[in-house]
2 protein chains.
Amino acid sequence: MLKLTRKLEYALIALRHMQDKGDTFISAKEIADMYLIPRELLAKTLQQMVKLNYIKAAQGPHGGYRVRKGLTEISMTQFMEDLEGPMGIVDCNINAECIQLENCNIRLPIKKINSNIRAIFNEIRVGDITS
Amino acid sequence: MLKLTRKLEYALIALRHMQDKGDTFISAKEIADMYLIPRELLAKTLQQMVKLNYIKAAQGPHGGYRVRKGLTEISMTQFMEDLEGPMGIVDCNINAECIQLENCNIRLPIKKINSNIRAIFNEIRVGDITS
DNA sequence: GTTATACCCGACTAAAATAATCGTATTAAT
DNA sequence: ATTAATACGATTATTTTAGTCGGGTATAAC
Ligand code: SF4
Ligand code: SF4
């Protein structure tokens, strides 16, 4: 329980690698090979980050991806939710339904824990991991 | 991502309910019906907690379960790992293998986040939720 | 203008983790 | 005896996560 998804890890690994390389475009293939990440999966994740304006893509030979300025200032909460959707330790802390909700006797204390966890990720920026 | 398991929620709901009832034995059926929790699943979870010495069982008619004194002092980390096994936001923070480990460029910052999350659960006791 | 390299994108499949169910045995109060 | 309850292992179903495939588009180099 309480795990990050693999996709998030791959995204962070790639971002850090790209950041190390500065302004040059890095191909998905290069990163996938270097860190033993499944190519197609990494590619899909990078494409998602392009849509989110986290990185910039260049097509054709010598193409690839490059980190956009300002990405490092984004909070991990934002980053994670952009990539994986709402974050919450239980259903009632996100959109989801819960049939226990009406009688639930632990909702409030759980909600408080959830806030504490969110607070951790709110205070961490992507750059704290990728720089 | 980052969710508690349903089993943990059911366990906490049951513990809180039993605690409210003091020393009397409460049947799994009663709790399951009250909170709309699947009977067999709750029963299995309660049985697990008996083995962990968290609660005491009584068989036969008028039997059921009752919370053991001292349970409330247990940390949530202990509780969660007793019920669900090792907790960690990524594989390298628990037992599990990871083929990225050797070249991983985010391991250290992630490890720090993991410590922060564990710290939250270390500071919370079961009684903070069930009392 | 052909070729090679790389991104784009949606659909699909596989694997793993989680959630729920079933069947049978045991215990004890009435 | 009967009934109401726990004990426990095996099994199945569901959901989430992870990974794959196939066909397309852009562009640099020759
Ligand atoms: S805390 Fe209670 S209401 Fe919220 S998801 Fe869990 S069971 Fe449902
Ligand atoms: S942080 Fe790196 S080493 Fe640890 S599990 Fe994730 S990829 Fe593997």
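Salt bridge status for A:Arg107 with B:Glu9: absent, with no side-chain N to carboxylate O gap under 4.0 Å.
In this structure, B:Gln47 places its CD atom 12 Å from C1' of C:dA25, rounding to the nearest Å. Taking atom CG of residue A:Asp33 and atom P of nucleotide C:dA6, one finds them 10 Å apart after rounding to whole Å. The nearest whole Å value for the distance from the NZ atom in A:Lys3 to the P atom in C:dT18 is 9 Å. Separating the CD atom of B:Glu40 from the C1' atom of D:dA4 is a distance of 14 Å, rounded to the nearest angstrom. In this structure, the CD atom of B:Glu97 is 17 Å from the P atom of D:dA18, given to the nearest Å. Atom-to-atom, CG of A:Leu83 to P of D:dT17 comes out at 13 Å; the value is rounded to the nearest Å. Taking atom CD on B:Gln48 and atom C1' on D:dT6, their separation rounds to 15 Å, with Å as the unit. Rounded to a whole Å, the CD1 atom of B:Ile26 is 11 Å from the P atom of D:dT6.
Here A:Phe25 lies out of heavy-atom contact (under 4.0 Å) with every strand. In this structure, B:Lys51 reaches the sugar-phosphate backbone alone: every heavy-atom distance under 4.0 Å involves primed, P, OP1 or OP2 atoms, never a base. At the heavy-atom level, B:Ala43 lies nowhere under 4.0 Å from the strands shown. Backbone-only contact: A:Ala28 has heavy atoms under 4.0 Å from sugar-phosphate atoms and none from a base. As judged by a 4.0 angstrom heavy-atom cut-off over every strand, B:Lys56 is placed among residues making no nucleic acid contact.
Between the side chain of A:Asn105 and the backbone N or O of B:Ile13 there is at least one donor-acceptor pair closer than 3.5 Å. The backbone N or O of A:Ile129 sits less than 3.5 Å from a side-chain atom of A:Arg16, completing a donor-acceptor pair.
Between the side chains of A:Arg6 and B:Gln100, at least one donor N or O lies within less than 3.5 Å of an accepting N or O.
Residue A:Pro61 places its side chain closer to C:dT5 than to any other of C:dC22, C:dT5, D:dA26. When distances run from any side-chain atom of A:Ser27 to the nucleotides C:dA6, D:dT6, C:dT21, the shortest one goes to C:dA6. Of the candidates C:dT30, D:dA28, D:dT20, the closest approach to any side-chain atom of A:Lys44 belongs to D:dT20. When distances are taken from the side chain of B:Thr5 to each of D:dA26, D:dT6, C:dT18, the shortest belongs to C:dT18. Closest to the A:Leu41 side chain, of the nucleotides D:dT6, D:dT27, D:dA18, is D:dA18. Of the candidates D:dA18, C:dC8, D:dA7, the closest approach to any side-chain atom of A:Ala57 belongs to C:dC8.
Closest approach of A:Gln48 and A:Leu83 over heavy atoms only: NE2-O, 3.2 Å.
For the pair A:Met1 and A:Val50, nearest-nucleotide mapping onto DNA chain C gives the more 5' position to A:Val50. Along DNA chain D, the nucleotide nearest A:His62 and the nucleotide nearest A:Leu8 are compared for position; the residue whose nucleotide lies closer to the 5' end is A:Leu8. Both A:Gly60 and A:Arg39 sit near DNA chain D, but only A:Arg39 has its closest nucleotide nearer the 5' end.
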**OP:** Go through the steps for A:Tyr35 and A:Tyr10 under the test ring pair (Phe, Tyr, Trp, His ring centres under 6.0 Å), then give the verdict.
**Re:** CA-CA 9 Å; A:Tyr35 300 97; A:Tyr10 296 158; 9.9 Å; no

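At the phosphate of C:dA6, neither OP1 nor OP2 sits under 4.0 Å from any side-chain N or O atom of A:Tyr65.
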